[in-house]
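Working notes, structure below.
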Amino acid sequence: MSQLLTINQIPFVNLKSQHAAIKSELLAAMGEVLDDGNFILGEQVAEFERQFAQLCGVRYAVGVNSGTDALIFALKALGIRSGDEVITVPNSFVASATCIRILGAKPVFVDVGDDYNIDPTKIAAAITPKTKAIIPVHLTGRPCNMKPILDIAQENGIAVVEDAAQSVLAEYQGQRVGSLGIVGCFSLHPLKNLNACGDGGVIVTDDSELYDQLKIMRNIGLRTRDDCVMWSHNSRLDTLQAAILLVKLRYLQEWTQQRQENAHYYQSQLAGIPQIIMPWEREWEKCVYHTFVIQAERRDQLRQFLSDRGIGTAIHYPVPIHLSTAGKELSYPAGSFPVAEMQASRILSLPIYPGLTVQQLEQVCENIKLFYQ
């Protein structure tokens with residue numbers, strides 16, 4: 001193979017570039033918070049919650065300090081506790097299972113399909129009398145096939161908690177993810193499509209009782225300043241982060257469109273390479289490409305080849321949760337989820353963020369083609 005080189009380094013992520021373009025707006029928004037001095041549950045938090053709920057097509061949103069806490073609080077508000085079982089997938093970020101285990105419940109894994117999302121045909125066999133909820137994970141910014149999941153949940157009296165950490169603005173049959181289950185949970189981590197400058201999360205729901213409970217939970221169990229009505233912990237979205245997020249909300253649609261255009265470029269330029277499988281979209285879904293994940297033969301060698309030429313990549317995620325050190329207590333041996341495990345050995349995430357130039361995208365594609373010559 002020849003030594004085709006990139007003209008410039010192409011990092012896997014480039015937050016510096018994102019923030020440079022809107023730095024004056026971010027500093028102005030942060031300055032207003034500094035001048036006001038209301039750093040905890042200030043008016044920017046309430047305004048962000050209002051706008052985010054509207055964005056998702058739901059009545060309520062509650063800002064918390066991380067996507068992990070969003071999931072924990074959602075399950076806790078639904079009464080999930082020790083001895084219960086919650087169905088989810090083994091190929092997500094570990095927080096999708098941590099939220100279950102930290103409440104004393106048991107994660108029950110179901111294998112995934114070729115879209116990396118939960119396989120609805122395998123859910124029924126995993127349901128027991130102890131099953132209290134299903135957490136479908138809209139992985140990579142692609143919505144799960146929600147109708148059969150919701151039908152199974154309704155038939156069995158099981159709650160559906162959407163893990164939409166990677167999928168803000170994604171749609172299933174014209175409906176935004178997060179609005180399909182009883183509650184939806186989002187991460188605002190710096191690497192997410194809508195990203196804070198630090199940790200953050202948000203929970204959405206149409207259920208007024210859940211909304212009231214979640215607001216108390218995220219604020220140390222306080223109904224008022226002097227009345228603690230439940231044991232809980234501090235998980236408030238900072239006012240400074242809310243101010244930053246309000247600025248970024250103005251650009252979210254534009255950034256999402258750029259991600260989609262970048263994905264379509266990859267799909268057109270990498271088509272016909274038999275050694276890779278690319279993501280695709282079905283007629284009933286709108287994907288937002290938090291990550292652009294291919295499956296590649298000789299994945300590790302390809303990744304090194306691209307790295308040697310200045311192209312950053314990542315693997316989301318190399319070790320399925322049930323095979324992690326913590327996950328071994330769940331007693332799922334290797335081979336339990338063959339699709340997820342096979343994918344973990346082949347998946348590779350390419351740069352997809354807004355701000356990538358056509359020249360950079362071309363360099364990624366040309367180097368991949370060169371590797372497989």
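Computed from a prediction, not measured in an experiment: that's the story for all the values here.
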Between CG of Leu237 and CZ of Phe52, what distance do you get to the nearest 0.5 Å? 11.0 Å
In Å, rounded to the nearest 0.5 Å, how long is the span from CG of Leu361 to CD1 of Ile10? 7.5 Å
Minimal heavy-atom distance between Asn195 and His189, with the atoms involved, is CB-O, 3.2 Å
In terms of hydrophobic clustering (I, L, V, M, F, W, Y; side-chain heavy atoms under 4.5 Å; direct or indirect links), are Val108 and Leu71 co-clustered? yes
Does a side-chain heavy-atom distance below 4.5 Å link Val183 with Asp207? no
Salt bridge (charged side-chain N to carboxylate O under 4.0 Å, His left out) filter on Asp238, not counting sequence neighbours, yields none
Got more than 12 heavy atoms from elsewhere within 6.0 Å of CZ, Arg223? no
Measure centre to centre between the rings of Phe73 and His233, then say whether the value is under 6.0 Å. yes
So Asp199 and Asn65, do their side chains get closer than 4.5 Å, heavy atoms only? no
Side chains of Asn117 and Arg142: does their closest heavy-atom pair fall under 4.5 Å? yes
Measure the shortest side-chain to side-chain distance between Glu285 and Asp115 over non-hydrogen atoms and say whether it is less than 4.5 angstrom. no
Would a 4.5 Å heavy-atom cut-off, applied to side chains only, mark Leu356 and Tyr265 as touching? no
Give a yes or no on whether Leu246 and Val168 share a hydrophobic cluster (residues Ile, Leu, Val, Met, Phe, Trp, Tyr; joining criterion: side-chain heavy atoms under 4.5 Å apart). yes
Quick check against the 3.5 Å criterion: does Gln360 have a side-chain atom that pairs as donor or acceptor with the backbone of Thr357? yes
Closest non-hydrogen atoms of Val288 and Ala170, given as atom of the first, atom of the second and distance, are CG1-N, 3.4 Å
Does Phe93 CZ have over 12 foreign heavy atoms under 6.0 Å away? no
hydrophobic_cluster_shared for Leu139 and Val161, side chain cutoff 4.5 Å: yes
Heavy-atom pair of closest approach, residues Ile127 and Thr131: CA-OG1, 3.5 Å
Going only through I, L, V, M, F, W and Y residues with side-chain contacts under 4.5 Å, is there a path from Leu75 to Met230? yes
Any side-chain heavy-atom pair of Ser232 and Ile220 under 4.5 Å: no
Exercise: do Gln257 and Gln253 side chains pair donor with acceptor under 3.5 Å: no
With rounding to the nearest 0.5 Å, note down the distance linking CD1 in Ile277 to CG in Asp114. 8.5 Å
side-chain contact (heavy atoms from CB on, under 4.5 Å) between Asn219 and Lys215, worked out: CA-CA 7 Å; Asn219 194 28; Lys215 285 197 300 180; over 6 Å; no
Closest non-hydrogen contact found for Asn262 with Ile352 is ND2-O, 3.2 Å
Shortest non-hydrogen pair, Ile72 vs Leu103, comes out as O-CD1, 3.8 Å
Are Leu302 and Tyr372 close enough that some pair of their side-chain heavy atoms sits under 4.5 Å apart? yes
Show your working on side-chain contact (heavy atoms from CB on, under 4.5 Å) between Tyr266 and Val364 and close with a plain yes or no. CA-CA 9 Å; Tyr266 281 140; Val364 176; 3.8 Å; yes
Do Lys147 and Trp284 come close enough that some side-chain heavy atom pair is under 4.5 Å? no
Under a plain distance cut-off of 3.5 Å, with no hydrogens placed, do Asp226 and Thr224 share a side-chain donor-acceptor pair? no
Within this structure, what is the OG1-CD1 distance for the pair Thr88 and Ile321, rounded to the nearest 0.5 Å? 7.0 Å
Between the NE2 atom in His290 and the CG atom in Leu169, the distance rounded to the nearest 0.5 Å is 14.0 Å
Tell me the closest heavy-atom pair linking Cys365 and Gln269, and the distance in Å. SG-CB, 3.7 Å
Residues, nucleotides or ligands: over 12 heavy atoms within 6.0 Å of Glu43 CD: no
Any chance you could measure Gln275, atom CD, to Leu270, atom CG, to the nearest 0.5 Å? 11.5 Å
With Tyr116, which residues qualify under ring-ring contact (aromatic ring centres under 6.0 Å, His included), at least two apart? none
Option among Arg59, Arg236, Arg218 that satisfies the salt bridge (Lys or Arg N to Asp or Glu O under 4.0 Å) test with Glu49: Arg218
Within the distance-only criterion (no hydrogens, no angle test), does the side chain of Arg303 pair as donor or acceptor with the backbone N or O of Leu348 below 3.5 angstrom? no
Under the 3.5 angstrom rule, does the side chain of Asp84 hit a backbone N or O of Arg81 as a donor-acceptor pair? yes
Keeping the roles fixed (side chain from Asn156, backbone from Ile152), state whether a donor-acceptor pair exists under 3.5 Å. yes
Side chain to side chain donor-acceptor pair (under 3.5 Å) for Asp308 and Gln304? Distances and angles first, verdict last. CA-CA 6 Å; Asp308 291 343; Gln304 186 61 55; 2.8 Å; yes
With distance as the sole test, does Thr256 use its side chain to make a donor-acceptor pair with the main-chain N or O of Leu252 at under 3.5 Å? yes
What pairs with Tyr251 under ring-ring contact (aromatic ring centres under 6.0 Å, His included), at least two apart in sequence or on another chain? Trp255
For the pair Arg259 (side chain) and Cys287 (backbone), establish whether a donor and an acceptor sit closer than 3.5 Å, ignoring hydrogens and angles. no
Verdict with reasoning, Lys132 to Glu85, per side-chain contact (heavy atoms from CB on, under 4.5 Å): CA-CA 6 Å; Lys132 296 299 189 294; Glu85 294 178 354; over 6 Å; no
Can you pull out every side chain to side chain donor-acceptor pair (under 3.5 Å) where at least one residue sits in residues 164-179? Sequence neighbours excluded, please. Asn145-Tyr172, Gln166-Tyr317, Glu171-Arg176, Gln175-Ser179
Over 12 non-hydrogen atoms of neighbours within 6.0 angstrom of NZ in Lys23: no
Quiz question: by atom type and distance under 3.5 Å, do the side chains of Glu47 and Gln51 form a donor-acceptor pair? yes
Per the side chain to side chain donor-acceptor pair (under 3.5 Å) rule, what does the pair list look like for residues 331-344, sequence neighbours excluded? His322-Glu341
Check against side-chain contact (heavy atoms from CB on, under 4.5 Å), Gln241 and Phe48: CA-CA 10 Å; Gln241 297 295 354; Phe48 171 73; over 6 Å; no
Please check this pair: side chain of Glu162 against backbone of Gly178, looking for a donor-acceptor N/O pair closer than 3.5 Å. yes
Heavy-atom count check: over 12 atoms from other residues, nucleotides or ligands less than 6.0 Å from Leu249 CG? yes
Is there a donor-acceptor pair closer than 3.5 Å between any side-chain N or O of Gln258 and the backbone N or O of Gly355? yes
Asp111 side chain to Val339 main-chain N or O, any donor-acceptor pair under 3.5 Å? yes
Using the rule that Ile, Leu, Val, Met, Phe, Trp and Tyr join whenever any side-chain heavy atoms are under 4.5 Å apart, tell me whether Ile40 and Val45 fall into a single cluster. yes
With His316 via ring-ring contact (aromatic ring centres under 6.0 Å, His included) - residues at least two apart: Phe12
